[in-house]
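Only one structure is covered here, and it is reproduced in the block below.
Residue numbers count from 1 along this sequence.
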Amino acid sequence: MNSKAKFTILLLFMQLQFTAVFCQETGKAFIRNYPPKEYGAETQNWAIVQDQRGVMYFGNINGVLEYDGTTWRLIEIPNKSTVRSLDIDTAGTIFVGAVGGFGYLVSDNTGSLQYISLSIQLDSAYRNFADVWQVLAAKQGIYFKTNNILFRYDPHHLYNKVTNGKDTIVATKSQFKIWKPENRLFSLFNINDTFYSQQRNIGIIQIVDDSLRIIQDGGQYADKRINPILPYGNGKLLFRQHSEGFYIYDPKKQKENRFFKQSNFDHLYQFLTENRLYKACVLPDNKFAFATGRNGIVIVNDHGEITELINKQIGLIDNKVYFTYYNNQQIWLALDNGISHTEWGSPIRYWDEKSGLKGM
């Protein structure tokens, strides 16, 4: 057996032991899996949102999946493209980011939701994009993030008329603000309606009004990839630099450098490096959930301590998690092969043989 194989076996053993320890201490949250055969669409799911009624929506390869707790329904996109991103605004409108287009959902005369394209209103010069990786709803408007173009849509003048069962959209080009920077913008992060990103060869930037402005001391990350950026209380930001670890940014510090390395997050950093981080979301009680491509999701407190690991060994249908969504004590997971739901916030936990419980 070569050294690489030995290292792989050792890493797997450590992860199994790691999972068992946390199960013994905290017990397991109840998990409900939804395989593709149950919801009647393709395996991969990329995004999740919940409306004001509690109905769930999932971005799937086949379109938008709608689930009311009993029945699944597929809302197809006209070009039958994959839905990569979803978000909902304060008015309850669900916005959709797909491959090659974006739009929103609206009820037709039967009460069923249908997809209406907004990107069709764009000039041809701005339609040359592929995946809309992010949709973020904020008071400034609805942001649609692609690899090479960032759009902001103002929905306040949007309205619909239902005529003979067909939706007529009224939208104007003036409702779009478009950024097409020479240097690529990476992921966009909405922190209390303030938007941050990283711009290649520029650094960490903030959207101020209609401008992309570099934050104080942000230039030192011009060539150091960061993901994600999270709120850390009292105006601070927590972020992961791919090759170094976790840092806190404190804009209130009157020093030359406002970035501080967080060594207590080093174990988490190593775990995420080994298991490939995809997404992160904020949980109650100053906790975070990190979705990985190899080992489910990991729950972390604000001291960087890993408090829980939810993966296939615990009961997930798949370990590759593209997106994690929290609402009302529930965590929903968009997986490479299905959908999972865990009652993470419930006071009821359980232990079984997989947790190390032996006997009758």
Side-chain angles (χ1 to χ4, degrees), residues 8 11-12 15-16 18-19 28-50 56-67 72-77 80-87 96-100 130-135 145-147 186-187 225 227-228 240 242 268 271-281 283 288-300 306 308-327 330-344 354:
T8 302
L11 180 61
L12 177 61
Q15 289 181 349
L16 291 175
F18 176 85
T19 302
K28 296 193 291 186
F30 290 93
I31 294 173
R32 170 72 159 91
N33 292 311
Y34 302 88
K37 284 186 179 180
E38 182 169 347
Y39 56 71
E42 282 291 339
T43 59
Q44 285 186 348
N45 297 278
W46 291 91
I48 307 171
V49 74
Q50 186 176 30
M56 302 299 304
Y57 301 86
F58 304 89
N60 184 269
I61 289 181
N62 289 149
V64 179
L65 286 169
E66 181 183 33
Y67 179 55
W72 292 89
R73 175 174 171 264
L74 178 66
I75 305 168
E76 292 187 336
I77 307 303
K80 297 186 182 299
S81 69
T82 299
V83 173
R84 298 289 194 194
S85 51
L86 299 166
D87 205 359
V96 180
V99 177
D131 302 81
V132 181
W133 289 109
Q134 291 179 277
V135 177
K145 168 74 176 56
T146 76
N147 279 341
F186 292 102
S187 296
R225 185 77 173 89
N227 181 49
R240 170 180 171 261
H242 280 209
L268 172 64
F271 177 87
L272 295 177
T273 301
E274 293 169 354
N275 291 286
R276 190 178 182 185
L277 172 66
Y278 271 115
K279 293 285 186 178
C281 77
L283 301 176
F288 307 99
F290 294 90
T292 76
R294 299 191 180 110
N295 207 357
I297 69 168
V298 61
I299 310 298
V300 182
I306 297 175
E308 193 168 354
L309 180 63
I310 304 174
N311 59 11
K312 197 170 182 179
Q313 184 187 357
I314 298 300
L316 291 187
I317 195 173
D318 188 21
N319 267 339
K320 183 178 282 190
V321 184
Y322 291 124
F323 193 86
T324 178
Y325 176 84
Y326 173 84
N327 191 23
Q330 314 291 310
I331 296 179
W332 289 84
L333 305 176
L335 309 174
D336 186 57
N337 184 27
I339 296 165
S340 287
H341 160 248
T342 174
E343 299 177 21
W344 177 77
K354 291 181 180 180

How far does [atom1] of [X] sit from [atom2] of [Y], to the nearest 0.5 angstrom?
| X | Y | atom1 | atom2 | answer |
| --- | --- | --- | --- | --- |
| Gln50 | Tyr326 | CD | OH | 11.0 Å |
| Cys281 | Phe323 | SG | CZ | 7.5 Å |
| Ile314 | Lys28 | CD1 | NZ | 5.0 Å |
| Thr342 | Ile31 | OG1 | CD1 | 5.0 Å |
| Glu343 | Phe30 | CD | CZ | 7.0 Å |
| Ile297 | Thr292 | CD1 | OG1 | 9.0 Å |

Within the structure provided, determine whether [X] and [Y] are in side-chain contact (heavy-atom separation under 4.5 Å).
| X | Y | answer |
| --- | --- | --- |
| Ile339 | Leu335 | no |
| Val96 | Val64 | yes |
| Ile299 | Trp344 | yes |
| Ile48 | Leu86 | no |
| Leu74 | Leu65 | yes |
| Asn45 | Tyr39 | yes |
| Pro228 | Leu277 | yes |
| Phe271 | Leu309 | yes |

Legend entry - Centroid separation Trp332 to Tyr325 less than 6.0 Å: no
Inset, instruction - Flag the pair Trp72 / Phe58 as yes when their ring centroid distance falls below 6.0 Å, and as no otherwise. - result: yes
Quick one: does any side-chain atom of [X] pair with a main-chain N or O of [Y] as donor and acceptor, under 3.5 Å?
| X | Y | value |
| --- | --- | --- |
| Asn33 | Ile317 | yes |
| Asn60 | Asn62 | yes |
| Asp318 | Val321 | no |
| Ser85 | Val132 | yes |

Inset, instruction - Test Val298 against Ile310 for side-chain contact (heavy atoms from CB on, under 4.5 Å), laying out the working first. - result: CA-CA 6 Å; Val298 61; Ile310 304 174; over 6 Å; no
Inset, instruction - Taking the six-membered ring of Tyr34 (Phe, Tyr or Trp), confirm whether the NZ or CZ of Arg32 is under 6.0 Å from its centre and within 45° of its axis. - result: yes
Inset, instruction - Answer yes or no for Arg73 and Tyr67: cation-pi contact, defined as NZ/CZ to six-membered ring centre under 6.0 Å and angle to ring axis within 45°. - result: no
Inset, instruction - For side-chain contact (heavy atoms from CB on, under 4.5 Å), just list the numbers for Lys320 and Tyr278, CA-CA rounded to whole Å, side-chain angles, deciding distance to a tenth of an Å, and then say yes or no. - result: CA-CA 9 Å; Lys320 183 178 282 190; Tyr278 271 115; 4.2 Å; yes
Inset, instruction - Apply side-chain contact (heavy atoms from CB on, under 4.5 Å) to Arg294 and Asn319, showing your working. - result: CA-CA 5 Å; Arg294 299 191 180 110; Asn319 267 339; 5.9 Å; no
Legend entry - Tyr322 versus Asp336, side-chain donor and acceptor atoms under 3.5 Å: yes
Inset, instruction - State whether the number of non-hydrogen atoms from other residues, nucleotides or ligands found under 6.0 Å of Arg276 atom CZ is greater than 12. - result: no
Inset, instruction - Please report the shortest heavy-atom distance between Gly97 and Val135, naming the atom on each side. - result: N-CG2, 3.5 Å
Legend entry - Heavy-atom closest contact (Ala291 atom, Thr324 atom, distance): CB-CG2, 4.2 Å
Inset, instruction - Verify side-chain contact (heavy atoms from CB on, under 4.5 Å) between His242 and Asn227, making sure each step is shown before the conclusion. - result: CA-CA 7 Å; His242 280 209; Asn227 181 49; 3.6 Å; yes
